[in-house]
Amino acid sequence: MKNHFLQAETALSHFSVSIADIQQVLQMALSEGGDYADLFFEDSLSNSLQLSDGHVNSVSSGMDFGVGVRVLSGDRTGYAYVENTHLKDLLRAAKTAAAIAMQDRFTAPMGLDWKAMPRQYYQSLRAWDSVRVEARMPYLQRLNDRVHALDERVSKVVVGLSDGNSRILFANSEGQVSADERPMVSLSVRCILEANGQFEHGRASRSYRMGYEFLTDELLDVLAKEAVLEASTLFEAVKPKGGEMPVVFGSGGSGIFLHEAIGHAFEADFNRKGTSIFSDRLHQKICPSFVNVVDDGTVMSNRGAVSMDDEGVPGQKTYLVREGVLTSYLHDRISARHYGVDPTGNGRRASFRNIPMPRMRATYMEAGQTTEQDLIASVKNGVYVHSFTNGQVQIGAGDFTFYVKLGYRIENGQFKEPIRDINIIGNGPAALADVLAVGSNFELDNGTWTCGKEGQSCPVTCGMPSALVKTLIVGGE
Amino acid sequence: MITQAHKDTAQWVLKRAKFLGCQASRVMVYAGSDTELEVRGEHLDTLQQATEQQLLFHLFVDGRYGSFSTNRMDRVSLEPFLQNAVASVRHLEEDRARHLPDPSLYAASNLPDLELTDPDYEALTMQERLSFAQAAASEVYGTDARVLSVQANWNDGISSRFLIDSQGFEGLSSVSFHALSVAVTVKGEGDARPEDYDFDQALYRMDVRKEGIGKKALERALAKIGQRKMASGRFPILVDNRVAAQLFSPILSALFGSALHQNNSFLRDSLHTSVFSEKLTVRDVPHTPRCFGSRFFDLEGVATQARFVVDKGVLSTYFIDTYASEKLEMPVSISSPSRLVFEPGSQSFEALLSSLSHGIWVTGFNGGNTNSTSGDFSYGIEGFRIEQGKVVQAISEMNITGNMRSLWKNLVALGNDPRQNSAYQLPSLLFDDVVCSGL
């Protein structure tokens, strides 16, 4: 299927600009001596629909439109944006951003050529802007009904559907003009179960870069079961006795461990500034040879996929760790120039209002050789964790954490009672070196993961096979 | 800032919405500008400037409700957006609890000025901004061989909001802010690079502390060198006022009508009961001039008023907006708190610290969360081990775990050091008998 927006004429006319306009704005952007400039045009429409108390009773939509102008002068950045595409306003923004350079020289922007991205990693079969509210509503209703049907303790259900589409036009002073069109959808459910005065909640969500074809009855079944299972397990769950102990990660969402333990610390801006614990570890062996970690923008329809990043760089798959060796940081254009390497397609921004910086996409560990059963069987006293809410890391100290919603205590190689609501802490380099075994059951988690960094949020995903880490610090009572 | 054109647009939306069949509607226009610069080492690294505008409207059509936003204010873009908005609301299911507030609850017009915008705001030059950041960075740069990175940020902005609805409410509010922060990374043991920060912020430029921020950030980062894990146990923790809000925010979240209505609050059915330590008294004080958080009306136009949130440990209010009021059959209070003032304790932070025979001074949190339904929590903490009233060791990789209700019952003292530069003015907090898991 051909996407018309990705053709030069359509994209330019969508934003009511010409190649000559863009050329003129880039010229202004470099007028104070900057050595690189780019323009990021964005037109986004997002919708959300919510069900509560059994009824689809709230809708919202948002339009966001604007252009960010960035000027680089060495490692320095000037940035301004406008909320329209009138030439005089674009020129004024360019002049503001240009001021960062303060250099007594002028590099003229190159002549502009349309550059198509080599591959598209997402497309809507049925675009959200052609789908009416009444076509979305029955899915929310049916998800609500399924949750109620699964367990009579269900007292409240909230279902939310968020969808949207962003159209991006990018141009830079190196002569590139390109476009990208990015659909996104997320369906989530939260239920509260009530029994004997005890309330517990369970949640489930899935998110993809897809159109209306995302909504299926199979998906509703999966989400309903997952949410109810989580809430009902919590009734039985306890907090373990805390302390330092072995941790077995279940497959899938445990990828949050990679995101926090190494992903952020590998973002090259922190390393360029010398603030990451991994700043001096490039090309060094940092963990066992059976560990391979990838940050991948090329997984079809994935929430973290990028056909083109927000600096016009094609999406790609980047090995962070290959056979235990730190092989690459995650680069945007600034850090790539600093390190003298090609950008890795990780330059992303929350919107046209924000400066791009190195961000993750789909971050995962590749499959190993061991069965999950063997991993669990090898643990005398420890925990198994598989459901998470959030995580964080101290880039310089390397201490990372993630919050475990649900897991199991392991005793003598066997699952014991479920455990709940505990934070786990480790140190990135130490935890990575302490990976004792990696399972063969790789799984990507397609929940609605959003990563926050310096006030910018960015859609990502993560994944992992089951894995055993020698020891981490487990919260508990 | 809000212009006559913004006001005209808001009125036009109200009129068009009525014409298109909305029995009621509310429109808000936001306009603001923001400047941020970052100095790394000695030099300017990043400069960002922006002005932006946003239009939000809430539509009530035949007992149905939707909310919409756009930053495109030209009528050519607005008209189809508004038409689609009305059409999509019509398709929803009815929800009679959705309506505008009772007009008798609205804030009055002709209210005095809260003095939230710096009269000198526009006079600020780029050179001054740069010199504030450079001076802060220079307190650190080149002063200690262990320093790996110094980053100083200056940020200021001014914005205003214009709120009108179809029942005749009209309100305008404006606010400015100025902030200065420094983050320092130092060489630690092995590969570790401890980092810490300090900052100050104020509505008025002259009220921002300009000196000592870099020094404080460096002192904090250096103090973290040699962090160790610590043995598990149950002991008191003294939470620094800089980070104390982390433990209070789950309490606030549990007081919102939306959480209560969805049975997603561990403080359901707790109004007027003693759920916290008797030492805790928190008031919402919304009308103090020249303070963060002050305001005369909330997002619905409902008048703010001084009220107890917690009075000697007794929960005194939930945050009930018009919708929650219908759903929960409770009177409207206010949709959210404005400016929270904690009744300070009698002792200084230093006195509280020296009272600990064995415990932790918590200076930062690392991840963690609270289960909103049950109140169970677990947070990573960092800080210092205290023995016999003295700081003896920087610690890391420690978790505190428990339940919010019992934690706040165990609040044994508040410091006399409430933070002034924030809407939520928390002092340092001393909690007893907290489960800490480390080694």
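This structure is a prediction, so every number in the text was calculated from the model and none was measured.
- Ranked by heavy-atom pairs under 4.5 Å with chain A, the first of B/L44, B/T51, B/L439 is B/L44.
- Of the two parts of A/F402, neither the backbone nor the side chain holds a non-hydrogen atom closer than 4.5 Å to a non-hydrogen atom of chain B.
- Residue contact with chain A, scored on non-hydrogen atoms closer than 4.5 Å, is absent for B/M126.
- Both the backbone and the side chain of B/H261 come within contact range of chain A, with heavy atoms under 4.5 Å apart.
- Interface residue B/R268: only side-chain heavy atoms are found under 4.5 Å from chain A.
- With contacts defined as side-chain heavy-atom distances shorter than 4.5 Å, the pair B/Q48/A/I355 qualifies.
- Closest approach of A/Q392 and B/F365 over heavy atoms only: NE2-O, 3.8 Å.
- For B/Y379, the part lying near chain A is the backbone, with the side chain staying farther off; criterion is any non-hydrogen pair under 4.5 Å.
- The contact between A/V393 and chain B is made entirely by backbone atoms, counting heavy-atom distances below 4.5 Å.
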| request: Could you go through the side-chain contact (heavy atoms from CB on, under 4.5 Å) check for A/I473 and B/N399 one step at a time? | output: CA-CA 8 Å; A/I473 299 224; B/N399 282 307; 4.0 Å; yes
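- If you check the side chains of A/D399 and B/N366, you find no donor sitting under 3.5 Å from an acceptor.
- In this structure, chain B has heavy atoms under 4.5 Å from both the backbone and the side chain of A/S58.
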| task | Before giving the answer on side-chain contact (heavy atoms from CB on, under 4.5 Å), spell out for B/N264 and A/R190 the whole-Å C-alpha distance, their side-chain angles and the decisive distance to 0.1 Å. | result | CA-CA 10 Å; B/N264 192 21; A/R190 185 189 69 215; 3.4 Å; yes
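- The contact between A/N427 and chain B is made by backbone and side chain atoms together, counting heavy-atom distances below 4.5 Å.
- Contact of the A/R353 side chain with the B/E52 side chain is registered, since non-hydrogen atoms from C-beta on lie closer than 4.5 Å.
- In summary, the side chains of B/S374 and A/R420 do present a donor paired with an acceptor at a separation below 3.5 Å, with no hydrogens or angles considered.
- The contact between A/K405 and chain B is made entirely by side chain atoms (from C-beta outward), counting heavy-atom distances below 4.5 Å.
- Atom CZ of B/R75 has more than 12 heavy atoms from other residues, nucleotides or ligands within 6.0 Å.
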| said: Test side-chain contact (heavy atoms from CB on, under 4.5 Å) on B/L92 and A/L49; report intermediate values, then the result. | reply: CA-CA 9 Å; B/L92 298 182; A/L49 197 57; 3.7 Å; yes
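- Residue contact with chain B, scored on non-hydrogen atoms closer than 4.5 Å, involves the side chain of A/K239 exclusively.
- For the pair A/E83 and B/R72, the salt-bridge criterion is not met [side-chain N within less than 4.0 Å of a carboxylate O].
- Of the two parts of B/T185, only the side chain, counted from C-beta on, holds a non-hydrogen atom closer than 4.5 Å to a non-hydrogen atom of chain A.
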| request: Would you check, one step at a time, whether the test side-chain contact (heavy atoms from CB on, under 4.5 Å) holds for B/S77 with A/F65? | output: CA-CA 11 Å; B/S77 310; A/F65 184 92; over 6 Å; no
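- Residue contact with chain B, scored on non-hydrogen atoms closer than 4.5 Å, is absent for A/E260.
- Contacts between A/S276 and chain B at a heavy-atom distance below 4.5 Å involve the backbone alone (N, CA, C, O).
- In this structure, chain B has a heavy atom under 4.5 Å from the backbone of A/V474, while its side chain stays farther away.
- The contact between B/Q54 and chain A is made entirely by side chain atoms (from C-beta outward), counting heavy-atom distances below 4.5 Å.
- Interface remark: A/L472 contributes no atoms to any contact with chain B (heavy atom separation under 4.5 Å).
- A/R70 does not touch chain B: none of its heavy atoms, backbone or side chain, sits under 4.5 Å away.
- At a 4.5 Å heavy-atom cutoff, the contact between A/Y403 and chain B is made by side-chain atoms alone.
- If you measure heavy-atom distances from B/S372 to chain A, the contacts under 4.5 Å come from both the backbone and the side chain.
- With a 4.5 Å cut-off on non-hydrogen atoms, A/V59 touches chain B through its backbone and its side chain both.
- Neither the backbone nor the side chain of B/F57 comes within contact range of chain A, judged by heavy atoms closer than 4.5 Å.
- Heavy atoms closer than 4.5 Å to chain A are found in both the backbone and the side chain of B/T46.
- Side-chain atoms of A/S155 and B/N263 form a donor-acceptor pair, as typed in the model, at a separation below 3.5 Å.
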